[in-house]
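No hydrogens, no waters, no symmetry mates; every other heavy atom, side chains included, goes into these values. In what follows, chains carry the letters A, B, and so on, assigned in the order in which the sequence lines appear, proteins first and then strands, with residues in each chain numbered from 1.
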2 protein chains.
Amino acid sequence: MSRRIDPTNVVPKYYQLASILRDQIESGEWAPRTPIPSERQLEITYDVSRTTIRQALEYLERQGFLYREHGRGTFVSPQKLQKGMQELTSFTEDLQRRGIVPGQLVRSVDTVVPPPSILQRLELPPDSKVLRIERTRLGDDIPIGLQTSYVKLAENQTITLQDLEATGSLYRILQEKFGIIPTEADETLEVTLATPEEAALLQIKPDAPLLLNERLTYDQYRRPVEYVKILYRGDRYRYVIRLTR
Amino acid sequence: MSRRIDPTNVVPKYYQLASILRDQIESGEWAPRTPIPSERQLEITYDVSRTTIRQALEYLERQGFLYREHGRGTFVSPQKLQKGMQELTSFTEDLQRRGIVPGQLVRSVDTVVPPPSILQRLELPPDSKVLRIERTRLGDDIPIGLQTSYVKLAENQTITLQDLEATGSLYRILQEKFGIIPTEADETLEVTLATPEEAALLQIKPDAPLLLNERLTYDQYRRPVEYVKILYRGDRYRYVIRLTR
DNA sequence: GGGATAAACTGGTAATGACCACATGACAAG
DNA sequence: CTTGTCATGTGGTCATTACCAGTTTATCCC
């Protein structure tokens with residue numbers, strides 16, 4: 001056993017346990033496809049109830065680290081499945097995970113009245129104003145995507161260029177400044193062709209094929225908070241996703 | 001209260017309860033954004049323990065029907081979020097859900113030695129044979145995608161054209177005939193251009209932009225079972241996905 | 001040796017009871 | 001009226017106990 005569970009810690013026990021077990025998996029101490037100790041054994045080892053054990057295991061199972069077979073045991077997932085790609089992540093984390101150095105150029109931050117279709121998706125009345133952020137996404141310093149975000153904010157809330165350049169992450173700002181946690185999102189992907197303006201910004205030819213990614217993000221109260229449109233260079237970007245039944 | 005829980009039923013109580021609650025939500029009896037009864041109240045109403053209540057609620061929460069707010073209650077999700085799109089579904093279900101009549105032409109079913117890159121992804125030794133299925137996917141009788149599946153099967157297992165035409169679903173065959181349950185998958189999406197052959201099959205011009213969807217599917221034991229490549233017409237298909245944190 | 005059976009595992013479901021953390025509203029104090 | 005406090009209701013965490021349902025292994029019997 002590597003670490004122990006601290007009963008006085010404010011972090012829940014099941015979460016502490018999950019962290020410990022995840023470490024054992026990621027360090028290779030427990031090999032893929034091999035069974036981990038049984039729930040009754042873990043109960044003894046870590047001196048917590050089976051309730052807690054199962055809560056931790058279920059958490060790791062949902063993240064793709066473990067899988068269970070009734071009557072046989074709980075097993076470590078093959079490494080390929082351990083990368084939790086099913087989650088709602090930002091562009092930044094996404095590229096980092098793939099070994100590409102992410103970067104961005106903020107082209108503009110302003111307040112506008114967006115097209116009606118976008119207002120409707122954000123569940124806002126006509127002529128409402130929202131924050132618009134236009135960015136160029138970079139991978140290893142090469143432009144790979146044009147991103148336009150429309151963010152629903154309350155009257156007294158705003159985000160500045162300085163905020164964005166300080167953290168680089170819109171999601172972190174939303175969470176830390178306004179307590180808004182992006183929790184769910186609907187996303188679509190389709191093919192389009194570059195307009196001359198888009199082509200210039202992406203340093204490609206007009207009519208070159210692009211991957212169009214649209215996303216509507218909801219917060220922890222299931223209110224739409226952000227509509228995003230990203231145009232990716234077709235030759236430099238690939239969208240990756242994990243699906244679970 | 002509509003239905004009751006049958007304690008003698010082989011179906012677990014939490015699952016029975018989840019079905020009942022899901023019906024109340026889908027029928028509109030419980031409106032979006034309104035709180036459902038508290039866990040203590042449901043305990044009394046359905047005469048089961050809070051353990052069971054919470055198991056049912058957690059299940060529905062993961063499916064997107066409910067969301068919780070600590071200290072406030074459990075709420076019905078907005079309808080848009082109730083469609084479980086994050087799941088591993090087949091092409092058929094996918095189109096049906098979007099109101100398009102799905103169809104397919106099975107172009108060929110045979111056994112081949114696939115390219116090394118595919119063998120590697122299926123974790124098979126060089127020169128292994130796999131089942132190849134080539135299909136044209138139709139939406140409202142128009143070709144919208146070319147699908148090539150490579151399926152890992154044991155020596156004594158095979159799938160025939162008749163099997164496929166009977167059910168139309170490869171996944172159902174895998175499950176019912178061999179007990180293989182597709183559980184997880186890694187998927188990528190990118191842009192390519194149509195070769196002359198592909199263009200002919202899809203009734204489009206050569207070099208027209210296509211959406212390339214590759215998928216590696218794993219079974220309940222986390223073994224790769226199927227590699228799929230689908231080429232969609234860029235002007236007739238849009239990929240839709242739900243993301244959850 | 002072969003085959004049926006039973007014991008000893010595994011995870012899955014369920015009940016009960018306790019306490020904690022957070023949100024809300026009633027109410028008293030200023 | 002405003003502010004702070006406290007009671008109450010909500011979901012979140014945890015321990016304990018019991019039994020069920022699959023799987024594997026040992027064992028007995030032929």
Side-chain angles (χ1 to χ4, degrees), chain A residues 4-21 30 33-62 65-77 179-181 183 219-222 245, chain B residues 4-21 30 33-62 65-77 179 181 183 220-222 245:
Chain A
R4 292 179 171 280
I5 292 174
D6 175 6
T8 67
N9 197 323
V10 289
V11 175
K13 288 186 184 180
Y14 83 87
Y15 194 85
Q16 292 185 50
L17 177 58
S19 301
I20 294 172
L21 299 180
W30 287 342
R33 306 205 163 282
T34 60
I36 70 168
S38 75
E39 298 179 355
R40 270 86 171 180
Q41 182 55 52
L42 290 171
E43 215 177 333
I44 298 167
T45 306
Y46 291 99
D47 191 31
V48 291
S49 72
R50 196 168 157 222
T51 310
T52 305
I53 300 286
R54 283 183 64 77
Q55 206 171 349
L57 296 184
E58 194 191 324
Y59 181 67
L60 291 173
E61 187 187 15
R62 252 187 301 129
F65 290 100
L66 300 173
Y67 62 98
R68 285 158 146 163
E69 293 183 34
H70 189 181
R72 302 224 313 131
T74 301
F75 302 82
V76 177
S77 292
I180 292 173
I181 303 171
T183 305
D219 68 9
Q220 70 265 45
Y221 308 112
R222 268 58 179 180
R245 161 146 303 196
Chain B
R4 292 179 170 281
I5 292 173
D6 176 7
T8 67
N9 197 322
V10 289
V11 176
K13 289 186 183 180
Y14 82 89
Y15 195 84
Q16 292 185 49
L17 177 60
S19 301
I20 294 172
L21 299 181
W30 287 344
R33 304 201 166 284
T34 60
I36 70 168
S38 75
E39 299 180 354
R40 269 84 171 182
Q41 182 55 52
L42 290 171
E43 214 176 334
I44 298 167
T45 305
Y46 291 100
D47 191 31
V48 291
S49 71
R50 194 166 160 223
T51 309
T52 306
I53 299 287
R54 282 184 64 78
Q55 208 171 347
L57 295 184
E58 195 189 324
Y59 181 66
L60 291 174
E61 186 187 15
R62 253 188 299 129
F65 289 101
L66 299 173
Y67 63 96
R68 285 159 147 162
E69 294 183 33
H70 189 181
R72 301 225 314 132
T74 301
F75 301 82
V76 177
S77 291
I181 303 172
T183 306
Q220 69 266 47
Y221 307 111
R222 268 58 178 181
R245 160 145 305 194

task: Considering only heavy atoms of chain A and a distance under 4.0 Å, specify the first and last nucleotide of DNA chain C in 5' to 3' order that meet this criterion.
output: C:dT10 to C:dT13
statement: Value for CD (B:Glu43) from OG1 (B:Thr45), rounded to nearest 0.5 Å, stands at 10.0 Å
task: Report the residue (B:Glu69 or A:Gly71) whose heavy-atom-nearest nucleotide on DNA chain D is the more 5′ of the two.
output: B:Glu69
field: Strand-adjacent residues in residues 48-58 of chain B, judged by heavy atoms under 4.0 Å from DNA chain D
entry: B:Arg50, B:Arg54
- request: Apply side chain to side chain contact (heavy atoms under 4.5 Å, CB included) to B:Arg54 and list each qualifying residue two or more places apart in sequence or on a separate chain.
  value: B:Glu39, B:Arg50, B:Arg68
task: Please tell me if the side chains of A:Ile53 and A:Leu17 come closer than 4.5 Å, counting only heavy atoms from C-beta onward.
output: yes
- prompt: Can you tell which of A:Ile36, A:Leu21, A:Leu60 makes a side-chain contact (heavy atoms from CB on, under 4.5 Å) with A:Phe65?
  reply: A:Leu60
message: A side-chain contact here means heavy atoms from C-beta on lying under 4.5 Å apart; do A:Tyr59 and A:Ser19 qualify?
response: no
message: Taking side chain to side chain contact (heavy atoms under 4.5 Å, CB included) as the definition, give me every residue that meets it alongside A:Arg72, ordered by chain and number, with sequence neighbours left out.
response: A:Glu69, A:Phe75
task: Would you indicate whether the side-chain heavy atoms of B:Tyr67 and A:Thr183 approach each other to under 4.5 Å?
output: no
message: By nearest heavy atom, map A:Val10 and A:Thr74 onto DNA chain C; which one lands nearer the 5' end?
response: A:Thr74
message: To check you understand the geometry: which heavy-atom pair defines the closest contact between B:Ala18 and B:Ala56, and what is its length?
response: N-CB, 4.0 Å
task: Scan residues 7-16 of chain A for pairs that pass side-chain hydrogen bond (donor to acceptor under 3.5 Å, both in side chains), counting only residues two or more places apart or in two chains.
output: A:Asp6-A:Thr8
task: I would like to know whether B:Thr52 and B:Tyr46 meet side-chain contact (heavy atoms from CB on, under 4.5 Å); could you show each step before the answer?
output: CA-CA 10 Å; B:Thr52 306; B:Tyr46 291 100; over 6 Å; no
query: On DNA chain D, which is the earliest and which the latest nucleotide, 5' to 3', with an atom closer than 4.0 Å to a heavy atom of chain A?
result: D:dT13 to D:dT24
- prompt: 5'-most contact on DNA chain D: B:Gly73 or A:Lys13, nearest heavy atom basis?
  reply: B:Gly73
